[in-house]
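Just so you know, residue 1 is the first one in the sequence shown, and it goes up from there. Below, each value reflects all heavy atoms present in this structure, side chains not excepted, and no hydrogens, waters or symmetry copies. Counting convention: from 1, in listed order, for ligands and their atoms alike. Given the structure is predicted, the values throughout are model-derived calculations rather than measurements.
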Amino acid sequence: MRQLVTGGAGFIGSNYVRHVLAHTDHRVTVVDKLTYAGNRASLAGLPDDRLMFVQGDVCDAPLVGDLVADHDLVVHFAAESHNDNSLRDPSPFLQTNLVGTYTLLEAVRAHDVRYHHISTDEVYGDLELDDPARFTESTPYNPSSPYSATKAGSDLLVRAWVRSFGVRATISNCSNNYGPFQHVEKFIPRQITNVLDGGRPKLYGAGANVRDWIHADDHSAAVLAIVERGQLGETYLIGADGERDNRQVVETILTLLGRPADDFDHVNDRAGHDLRYAIDWSKLRDELGWRPRYADFGEGLAATIGWYRANADWWRPQKAATEAKYAEAGQ
Ligand code: NAD
Ligand code: TDX
């Protein structure tokens with residue numbers, strides 16, 4: 001099996017590449033544009049004989065066509081992925097998330113190659129804080145931000161290509177990931193590295209917004225289960241029962257790092273900030289027998305903190321520029 005993994009130098013894509021190389025005998029080609037979010041160092045130390053790296057843009061149709069023709073499966077992670085950036089400048093989100101997905105779909109259609117589309121629970125909008133409901137595969141789409149609107153649009157393109165052209169595809173919508181190699185712009189690494197730098201965590205608004213956390217290793221294992229055993233044309237939600245409000249997460253990080261749990265700042269809230277995400281992942285459990293391995297968020301978070309402490313060389317070059325952008329927004 002030859003897998004083409006787009007966005008494989010990013011946070012979750014690189015985790016998936018490590019997972020596939022460790023758990024299968026597949027060969028992997030990564031195609032990644034190496035935007036500010038991509039980092040070759042996230043793929044360091046992996047076996048050269050089974051991993052090839054191509055620097056390229058998923059919107060480049062001739063390149064994508066040539067690569068897709070040589071593979072049995074495409075797993076599409078590449079995206080502009082950060083909500084706050086999409087509020088500052090939506091344009092790369094429309095290009096990569098919509099045109100990039102369209103370009104891949106046309107290539108897998110032309111070459112009849114199996115396709116898996118990586119998406120997010122944010123396509124469903126948000127839930128009220130006191131609502132016992134969780135998202136399911138049949139929750140109506142209702143995205144809030146330019147990021148989530150482009151991810152929703154890309155999912156709908158996949159569904160249309162399945163129905164209209166018989167493309168052999170599956171979709172997964174996962175909740176918030178954490179773990180090593182996540183860019184310091186994202187919530188958990190930002191707070192860990194702020195504290196490691198002697199600063200304070202920054203909570204948007206009151207910090208009551210809820211996210212449903214899953215370790216990236218669990219996300220990767222679920223994606224591999226779907227590409228190996230999922231039903232063509234189906235969508236699977238991926239989650240791990242990890243609901244926490246942002247304030248609780250910051251308090252846990254501070255405590256794990258030996259600082260007082262209230263040693264954080266409240267900063268400007270995000271425009272249109274989604275209140276709560278929560279995933280019902282029973283379809284994945286019942287149909288594919290998948291289960292998360294990281295049952296204990298505190299343990300996963302402690303290991304993640306240990307990784308950021310030991311790998312400042314990886315994140316340090318991005319930190320100052322990331323914080324400068326936040327400072328401009330009063331965040
Ligand atoms: P990331 O920002 O860490 O990585 C994105 C990668 O895509 C980078 O390596 C970047 O260089 C590459 N890329 C961007 N534009 C490209 C282009 N035009 N052509 C080729 N490569 C390009 O993102 P992530 O957090 O790893 O997210 C990966 C995927 O998972 C995305 O599709 C995202 O929507 C989805 N997702 C993320 C989360 C999460 O919590 N981070 C949750 C659910 C779903
Ligand atoms: O400094 C911060 N302070 C803060 O309170 C940052 C960066 C974020 N937040 C809040 C906003 C959210 O409620 O923390 C929560 C998580 O924020 P992000 O890490 O930006 O994630 P989110 O917006 O929830 O989106 C993430 O999960 C779904 C990923 O970035 C998306 O790619 C994925 O689709």
Suppose we measure from atom 44 (C) of ligand 1 to each protein heavy atom; which comes out shortest, and what is that distance? Ser119 O, 3.1 Å
From the options Glu185, Gln331, His273, Arg270, select the one whose nearest heavy atom is closest to atom 18 (P) of ligand 2. Arg270
Is there a polar contact between ligand 2 and Tyr147, counting only N or O atoms under 3.5 Å apart? yes
With respect to atom 5 (O) of ligand 2, which of Tyr204, Trp213, Tyr326, Tyr178 exhibits the smallest heavy-atom separation? Tyr204
Side chain or backbone of Cys59 under 4.0 Å from ligand 1, or both, or neither, by non-hydrogen atoms? neither
Charged tip of Arg109 within 45° of Phe165 ring normal and under 6.0 Å: yes
Polar proximity ligand 2 side, Asp84 side, N/O cut 3.5 Å exclusive: no
Considering distance alone, does some N or O of Lys33 sit under 3.5 Å from an N or O of ligand 1? yes
Salt bridge (charged side-chain N to carboxylate O under 4.0 Å, His left out) partner of Glu243, the single match among Arg276, Arg211, Arg134: Arg276
Ligand 1 versus Tyr147: contacting region, heavy-atom distance under 4.0 Å: side chain
Quick one: does NZ or CZ of Lys325 land under 6.0 Å from the six-membered ring centre of Tyr36, within 45 degrees of the ring axis? yes
Work out whether the distance between some heavy atom of Tyr36 and some atom of ligand 1 is less than 4.0 Å. no
Please report whether ligand 2 has a polar contact with Glu122, defined as an N or O pair separated by less than 3.5 Å (distance criterion only). yes
Run down the list Ile12, Asp60, Thr120 and name the one with the heavy atom closest to atom 38 (C) of ligand 1. Ile12
I need the atoms of ligand 2 closer than 4.0 Å to a non-hydrogen atom of Thr120, numbered in the order shown. 28 (C), 33 (C), 34 (O)
Does Ala9 have a non-hydrogen atom less than 4.0 Å from ligand 1? yes
4.0 Å heavy-atom contact, Asp32 with ligand 1: yes
Do the rings of His82 and Tyr326 sit parallel, tilted or perpendicular, given the 30° and 60° boundaries? perpendicular
Lys186 heavy atoms within 4.0 Å reach ligand 2 at atoms 19 (O), 30 (O)
Within a distance under 4.0 Å of any heavy atom of His82, pick out the atoms of ligand 2 and give their elements. 20 (O)
Kindly assign one of parallel, tilted or perpendicular to the pair Phe181 and Trp314, based on the angle between their ring planes and the thresholds 30° and 60°. perpendicular
the protein heavy atom lying closest to atom 29 (C) of ligand 1 turns out to be Phe77 O, 3.2 Å
Less than 3.5 Å between some nitrogen or oxygen of Leu203 and one of ligand 2, yes or no? no
Which residue in the set Leu105, Val108, Thr101, Leu156 passes side-chain contact (heavy atoms from CB on, under 4.5 Å) when paired with Trp161? Leu105
For Ile118, counting its heavy atoms only, list the atoms of ligand 1 lying under 4.0 Å from any of them. 29 (C), 30 (O), 32 (O), 35 (C)
Determine whether the side chain, the backbone, both or neither of Leu34 has a heavy atom under 4.0 Å from any heavy atom of ligand 1. backbone
Once the angle between the rings of Tyr115 and His117 is folded into 0 to 90°, is it parallel (under 30°), tilted (30 to 60°) or perpendicular (over 60°)? parallel
Of His183, Arg247, Arg211, which has the heavy atom at the shortest distance from atom 24 (O) of ligand 2? Arg211
So, regarding Lys202 and ligand 2 (criterion: nitrogen or oxygen to nitrogen or oxygen, under 3.5 Å), is there a contact or not? yes
Polar contacts were defined as any N/O atom of the residue lying under 3.5 Å from an N/O atom of the ligand; does this apply to Cys174 and ligand 1? no
Check contact between Ser14 and ligand 1, using heavy atoms of the residue and a distance below 4.0 angstrom. no
Should Gln191 and Arg200 be marked as a side-chain contact (heavy atoms from CB on, under 4.5 Å) after you check the CA-CA gap, both sets of side-chain angles, and the distance that decides it? CA-CA 7 Å; Gln191 314 316 333; Arg200 286 156 66 96; over 6 Å; no
If the contact criterion is a heavy-atom separation under 4.0 Å, does Pro92 count as touching ligand 1? no
Looking only at protein heavy atoms, what sits closest to atom 4 (O) of ligand 1 is Gly10 CA, 3.4 Å
Say whether Asn246, considering both its backbone and side-chain N or O atoms, lies within less than 3.5 Å of an N or O atom on ligand 2. yes
Return the closest protein heavy atom for atom 2 (O) of ligand 1 as residue, atom name and distance. Ser81 OG, 2.7 Å
Have Asp84 and Tyr204 got a donor and an acceptor in their side chains that come within less than 3.5 Å? yes
For atom 26 (C) of ligand 2, which of Asn176, Asp126, Ile214, Asn85 has the closest heavy atom? Asn176
Please verify the inter-ring angle class for Trp213 with Tyr178; under 30° counts as parallel, over 60° as perpendicular, anything in between as tilted. perpendicular
Taking only heavy atoms of Gln191, which atoms of ligand 2 are found under 4.0 Å from at least one of them? 1 (O), 2 (C), 3 (N)
Where does His76 meet ligand 1, judged by heavy-atom distances below 4.0 Å: at the side chain, the backbone, both, or neither? neither
